[in-house]
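Naming: A, B, ... by sequence-line order, numbering from 1 per chain.
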Amino acid sequence: MNHERIFGHISRDDFVGRDAELRQILSYSSDRTGRRLLIAAAPNSGGSEFLRQAYDELFFRRTQSVPFYFAFAPHPARLTDVAADAFRAFVQQYVAYRRVDPTLCRTPLSLHDSVELALPTDYEAINTLVESFERARVTGDETAFLKFCLAAPQKLSAMTKRMVLPLIDCLLFAGPPREDVLLTEIARTFIRGTEPAIVAALRRQIPTLSHAAGADLDDADVVNLDYLPDEDANKLFDSLARAGRVETNEQTRDLIVQQLRGSPFFLAAFAHAARSRHVGLTTFLDCQKVYIDELMGGRFHRHFSTLLNQIAPQAQTRRTLLRVLYESGLSETRKASVWTWKKRLGVEGADFERMIDALHVYELANSSGATVELNAQPSVWMDYLQAQYQLEVAGETRALTVANSLLSALKRAPQTMRRKYRREAAIGLKELLARFNCQEIPASLLHYNRFAAAHTGVDTDIVNAALDVEPEIVRLPQIVSAVDGSGIVTTVPTEEGRCAIGHGFDAGEYVDENEIVWIAAEIDSKLEASAELAAEWCERLERIAQEAKLHRFQLWLVSAEGFASKAVKVLKQHHAYSSSRRQIDLLSARLQTSTETPPLADEYEMVIPMGTDTELVAAHAVEQIARHIKFSPEAINQIKLALVEACINATEHSLSPDRKIYQRFRVEGDKLTVTVASRGIVPANLPVQNGNGKGDGKSRRGWGLKLIKTLMDEVEFERVDDGTQLRMTKYLRPRS
Amino acid sequence: MLCGAKTERSDRMDATRATSVQARCIGDTAIIYASDYLNKLTGERIERECKRQIEAGRHAVVINFRDTELVNSIGVSILMGVIDVVEQTRARLIFSDMNSETASLFEMLGLTKLVQIAKDETEALSSLSSSHAGS
């Protein structure tokens, strides 16, 4: 659907990569739950344009609610002016929507014009509202007048019985102090109010808004707007370049997207700059010239200068801030204590807090309360900082600063692309760890020497068949948080995308003793990695563990061609797992994602109520299934009894709220897997307690799990989000 | 000779169970027939019947598992209670006619160390009479 634009700066077709988020807005407008909808945007991620596009879409779709878009300016002159602007915009947009005339939204109209243009059915209500507005204005009470204007959509909605959906853009309004009256009233009206509203703000500003509103964030739905992924950013830049008739090629486009980190704001500014200079972008030199021009005097420059002016309005403080920020970037961690920052900035009290808050909200620095860390991403921010430091603090000439910046940018360009290519070629350890989810794998996939001895030069099908019957199994942990290594420790050098840290539990129970952290790294070696390289990486990963104060951890090194025999000995000394690229491919193919269902599985599901003898119904069902796949009568009896015991366990231990037992019988190849689940709380020590029957005939109860383990070939007892799940497998061929 | 218990039994295992346990007496020995599914309910019926028979003066109890297809762990735990009860009264207890699955379950849970096992009812009665003769 391609309509004319109302507030959108680009056409809907050129607005790339936010389809899912826009759908969320449309669905909210038609199916409101009484909850607020917050748009939490990363800085420069195109949040304002997103909201404008959402307005246009709502307008043309003729949704049940009348949309109203208003962006609060960064430096409002007077409260009454902002309030009156918001009121006028609302009345004008209301009339435009009702008349189905989008041009009225953009036409300069006085309040009187808007009233005159109102549909006859709306005239009386709008006229009454405008009369109230005039009366509120002359009272001289600024805050009361602001409240009146902000609440106008709710008032008119009540008078006309027609819903209004305000889309409030606070993205440019991120810097005011927390106690700011306008901020507080916006938050109270649109976040705490009972009427539906969509509020967009910087993601780090959301807690402040929520605090100002005195509202709980749990009562709001949140749409997150991050930077565009490479593919969408490429499309956006292609479209911007096409629209501006700027010549580019794939290489330069990729460089620009990487350098600007997929930020829609920077990409649009860059394309605009190239268009206004009438230059093509077909070489890296072309690109970097435009880039440096932008940094020194274009939109990039204006953007960061405006922010710094807002954060430190006084010239001397701003210069000091520039110096402190730049010098922080030179240190290894880019981090210093709040006390150090305060001392170096020479600013005290509320002013200091406001400065640090603003740096944090705009993501120019990360403040944790105790420390402040300069944010090194995006690189455009660091480049701006360096150039401004040279100019304003070091006192270098503009020509020299431009030349140095250009040289740096050109030298960095191939590295930027190399990083992208290496990132794309990386295994994706972070994602792999996240898929572990307590699954079992053949142990040789984590021991390079064993794997190489058994499977080097063997066809993949044959290797897979051998892995299927490998007796030694490793149960992987459930990794609940997998992040890049640099996200946890910045003092130990690791490459983005090639080192991952996964926190989790090595059994289904979320208890202290099961906590485990996997530290994995993909190392570079064209041949089998040497002992020296393996040792260096083991020590590096152990340093990460030490710095991050990890108590229980497992090292895992991956090298494309595996590890030399001496390296294997080193790995053994460090208790590290080792895999080659081939092992990783085989491992990855074996790991199911949570939503995947393995092919060829024949599955039955059954729900029985907890109660006397209902387990027999399940036992009859599983008997039929087991008989169908030719299990022996003895094995069938064992499966039945195991299922009966599992049902008894579920009934006795789960404190189930729905009193139901959920069962799945999956026939897969030569095995039958039975899953028995129930909702409710399980005593933390159940797996220990249950199964401790000693078999000496003295203890009376607690045999269930022990029995199941004896009767079945594989048994896993795991806690799921709400309740427990027992998975047990019986093989057609008895396993040793 | 029947000794008071009802003789209802189902021909095959079913979720709807008989309300009483089948039993008969031969001399001072009570023979109690376990049902097809030995769980909490049917286990308790056996336990109650066993106590009743001992209170009525029987000196030996044979529990016959000829109809039993499935025994769950609660059923087993109740049988443990029955063993205790019989032991305390110095009466004799024999399990008979178990199928192979039930036998291996009892073996696995250690019951066979605590109670005498007989192949069938005849073997159980003959064992009781020979030990009685020898006493």
Could you tell me which portion of E645(A) (side chain, backbone, both or neither) has an atom closer than 4.5 angstrom to a non-hydrogen atom of chain B?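 Contact with chain B: side chain only.
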With a 4.5 angstrom heavy-atom cut-off, could you sort out which part of Q638(A) is near chain B: side chain, backbone, both or neither?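 Neither part, no heavy atoms under 4.5 Å.
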If I measure from the heavy atoms of chain A, does L105(B) come under 4.5 Å with its side chain, its backbone, both, or neither?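 It is the side chain, since no backbone atom gets that close.
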Under 3.5 Å donor-acceptor, T614(A) side chain and M610(A) backbone: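 Looks like no, no N/O pair under 3.5 Å.
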Salt bridge check, [Y] against [X]: does any charged N sit closer than 4.0 Å to a carboxylate O?
X       : Y       : answer
R48(B)  : E44(B)  : no
R92(B)  : D28(B)  : no
K671(A) : E714(A) : no

